[in-house]
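Everything on this sheet refers to the single structure shown next.
The figures here come from the full heavy-atom set of this structure, side chains too, leaving out hydrogens, waters and symmetry mates. Throughout, protein chains are lettered first and strands after them, A, B, ... in sequence-line order, and every chain is numbered starting at 1.
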Amino acid sequence: MGLPQAKLTATEARLAALAMPEAPGWTRLGRLGARARLEAMGLPGRRDEYWRFTNPADLVTPAPVPAAVFEPSENPVFHAMDRLRLVFVDGVFDAAASDDPALAGVEITRLAEAQALDIHWAAELYGTLEARGQEPVERPMAALNTAFATDGVLIRATGRAEKPVNLIYLHKSDTSDAILHHVIRIEPGADLTVLENGPAAARFNKVMEVDIADGGAFHHVRVQGRDHERRAVTHVFARLGQESTFKSFTMTANGALTRNECVIELTGDEGVAHVAGACLGDGSDFHHDDTIFITHDAERCESRQVFKKVLKNGATGVFQGKILVQPGAQKTDGYQISQSLLLDEDSQFLAKPELEIYADDVACSHGSTSGAIDERALFYLRSRGVPRAEAVDLMVLSFIAEAVEEIESDVIRDEIVERLAQWLARHRR
Amino acid sequence: MLEINNLRASLEEEGKEILKGLTLTVEAGKVHAIMGPNGSGKSTLSYVLAGRDGYEVTDGSATLLGQDILGMEPEERAAAGLFLAFQYPVEIPGVGNMTFLRTAVNAQRKARGEPEMDAATFLKEVRARARDLKIDAEMLKRPVNMGFSGGEKKRNEILQMAMLEPKICILDETDSGLDVDALKLVSDGVNAMRSPDRAFLVITHYQRLLDHIVPDVVHIMVDGRIIKTGGPELALEVEKNGYADLIGEAA
Ligand SMILES: Nc1ncnc2c1ncn2[C@@H]1O[C@H](COP(=O)(O)OP(=O)(O)OP(=O)(O)O)[C@@H](O)[C@H]1O
Ligand SMILES: [Mg+2]
């Protein structure tokens with residue numbers, strides 16, 4: 001079956017502007033496979049059902065739409081924490097700005113260097129989880145990433161990491177077009193926290209494949225912010241073994257376009273997967289999309305999706321979330337909530353929550369709401385002396401709380417709350 | 001302390017006039033009670049004084065310690081010393097009672113140019129006052145008024161009042177929903193706050209509250225106006241005969 005002409009043309013034009021690394025080494029097969037997938041699927045277009053609420057046009061053009069570099073004046077998030085920093089500038093690893101990647105219990109190599117080797121532990125994973133995630137929904141932007149990624153890190157945790165690994169993305173060029181691909185393997189019983197923060201690049205395409213073996217735990221906290229014009233599409237593909245844990249939280253503030261996909265497979269009994277997000281958007285040039293797909297393919301697993309969006313001055317928020325319970329995945333406990341707080345009538349929230357269940361002994365619930373600030377509560381707070389703006393912030397933070405509470409570490413949670421409060425204070429009115 | 005002069009106010013949306021030229025003066029150190037039939041505008045008066053949206057003041061004035069309050073934002077009125085204990089306190093999911101109280105106390109102090117209350121002092125004060133009102137620690141931890149019974153909500157209003165130390169306290173049917181013991185607790189809380197530089201405006205339907213909080217002056221409000229003012233004996237008269245005679249007298 002051929003692709004529609006428009007899609008074919010767009011895909012060919014994009015491919016013409018991309019090149020695989022000269023010596024892809026062990027990534028070669030993974031990349032070629034991904035390229036073939038991409039050619040078969042074609043790049044996403046406005047007509048695609050999965051992109052109904054988010055126009056992918058700016059993500060697929062041969063060259064990125066220029067995005068002004070944004071230099072935040074305050075310290076970057078996580079700066080006060082003891083963590084191992086790995087810095088990417090416009091998608092290229094910067095060794096000088098990074099810490100020595102030596103960390104007890106963790107092996108870290110850079111993709112651009114590691115692929116020169118003949119063999120590597122990541123060989124069997126690179127592009128593998130991404131390929132699995134192409135069913136039943138196509139994710140061509142992720143296939144593009146696997147085929148053409150220019151850099152990334154390969155992280156293998158064999159024990160309890162003594163501190164978090166912090167991937168830091170810096171945006172220095174107006175026209176950067178970064179494609180990063182990370183592979184993370186959590187060995188049985190190992191435990192790792194990965195922090196990520198941007199600004200990222202003018203255009204940013206990132207894939208993170210996370211394979212968690214039995215009893216492993218992976219914690220992920222990401223902050224996407226302070227970069228008003230950048231466009232980003234990111235994918236997390238996670239596969240969970242028995243009794244393993246995956247917890248991911250993303251805070252997004254600003255950004256012209258962000259599409260965060262998270263695709264999780266629970267393949268071993270009693271796995272736990274939580275994905276949460278808090279997004280703050282101000283202005284009609286803000287568009288944020290969380291697209292989540294969680295597959296339960298084992299017994300007694302738990303999954304939670306908690307997404308909160310605060311939108312004002314014409315901002316748009318999107319949530320597409322699915323829980324798929326495969327035959328035999330008995331005692332599944334699935335929960336999904338997506339809510340938006342619209343601070344004015346110009347902003348909009350588009351949601352598509354879905355449940356698809358093929359097992360009979362499961363407990364799944366989902367809900368989606370869209371609301372405004374409760375004026376009665378606002379007056380109550382003000383009547384006690386809390387100024388209007390502060391009262392609104394207090395209510396916004398309480399609205400977001402359920403998502404933020406998904407962060408396990410107190411230190412990180414406090415830092416995130418602080419950043420959210422600062423953003424709100426900067427964006428009053 | 002609080003001077004209301006010929007106050008007229010209508011519902012913004014319907015244009016219906018509720019307060020129809022209301023005049024009332026509450027002196028410092030005094031307790032005034034307002035009684036009146038359902039729908040006479042007592043809560044409306046309290047909302048208009050506190051600055052809630054949805055009402056249009058078409059005539060008259062209201063001053064607190066000589067300051068015109070009608071032009072102020074609700075938070076400015078609070079900082080100026082006005083407190084309203086709501087007839088129906090609002091539940092606010094997600095906002096912790098303690099966070100709320102502390103934010104309120106410090107916002108008012110900031111507005112008045114006073115230093116913030118430090119965390120330790122705040123905690124000590126809240127605990128002591130909560131104990132007096134038999135509000136347990138678990139309730140303090142919950143979100144504002146969430147899952148509180150009707151009576152617990154009213155006690156929580158008094159706790160806020162005690163922490164905020166206002167100049168004029170307007171209590172809108174604080175006695176409704178209270179059991180006999182809670183009524184006593186709340187009244188004791190109010191009486192403990194009576195002082196020469198603080199005044200109370202107590203809206204109620206029942207004499208039993210006024211047995212505990214003995215008023216200096218009682219006003220009868222009917223159809224948006226004060227139709228009669230007297231001493232505590234006026235409340236007893238209402239209790240015995242209802243409003244019919246008073247309304248007839250005024251007409
Ligand atoms: N938002 C509103 N919309 C419509 N009518 C209103 C509104 N607020 C008040 N009213 C009307 O205004 C009148 C006065 O109401 P208010 O609540 O002030 O009375 P009240 O004296 O406090 O009565 P109660 O003793 O029952 O508490 C009533 O007729 C009421 O129906
Ligand atoms: Mg009333």
Of all the residues in residues 187-202 of chain B, which have a heavy atom that comes within less than 4.5 Å of a heavy atom in chain A? none
Can you tell me how far OG1 of B:Thr103 sits from CG of A:Leu394, rounded to the nearest 0.5 angstrom? 5.5 Å
Might you confirm whether atom CD of B:Glu3 has over 12 heavy atoms from other residues, nucleotides or ligands at distances under 6.0 Å? no
For B:Ala107 versus A:Gly385, what's the shortest heavy-atom pair and its separation? CB-O, 3.3 Å
A:Ala377 portion near chain B, given a 4.5 angstrom heavy-atom threshold: both
Say you draw a straight line from CZ of B:Arg52 to CZ of A:Arg376; how long is it, rounded to the nearest 0.5 Å? 7.0 Å
Let me know if A:Glu390 has heavy atoms under 4.5 Å from chain B in its side chain, its backbone, both or neither. side chain
What class does the angle between the rings of A:Tyr380 and B:Phe100 fall in, given that below 30° is parallel, 30 to 60° is tilted and above 60° is perpendicular? parallel
What are the two closest non-hydrogen atoms of B:Pro93 and A:Ser398, and how far apart are they? O-OG, 3.5 Å
Flag if over 12 foreign heavy atoms under 6.0 Å of CZ, B:Arg112: yes
Enumerate by number any residue of residues 140-153 of chain B whose heavy atoms lie under 4.5 Å from heavy atoms of chain A; in the absence of such residues, state 'none'. B:Val144, B:Asn145
Kindly check if the number of other-residue, nucleotide or ligand heavy atoms within 6.0 Å of CD (A:Glu74) is above 12? yes
salt_bridge(B:Glu157, A:Arg384) N-O dist < 4.0 Å: yes
Ranking B:Gly51, B:Pro166, B:Ala111 by heavy-atom pairs under 4.5 Å to chain A gives rank one to B:Gly51
Around atom CD of B:Glu138, are there more than 12 heavy atoms from other residues, nucleotides or ligands closer than 6.0 Å? yes
Heavy-atom cut-off 4.5 Å, strictly under: side chain, backbone, both or neither for A:Ile400 against chain B? neither
Least distance between heavy atoms, B:Ala78 atom then A:Arg382 atom: CB-O, 4.2 Å
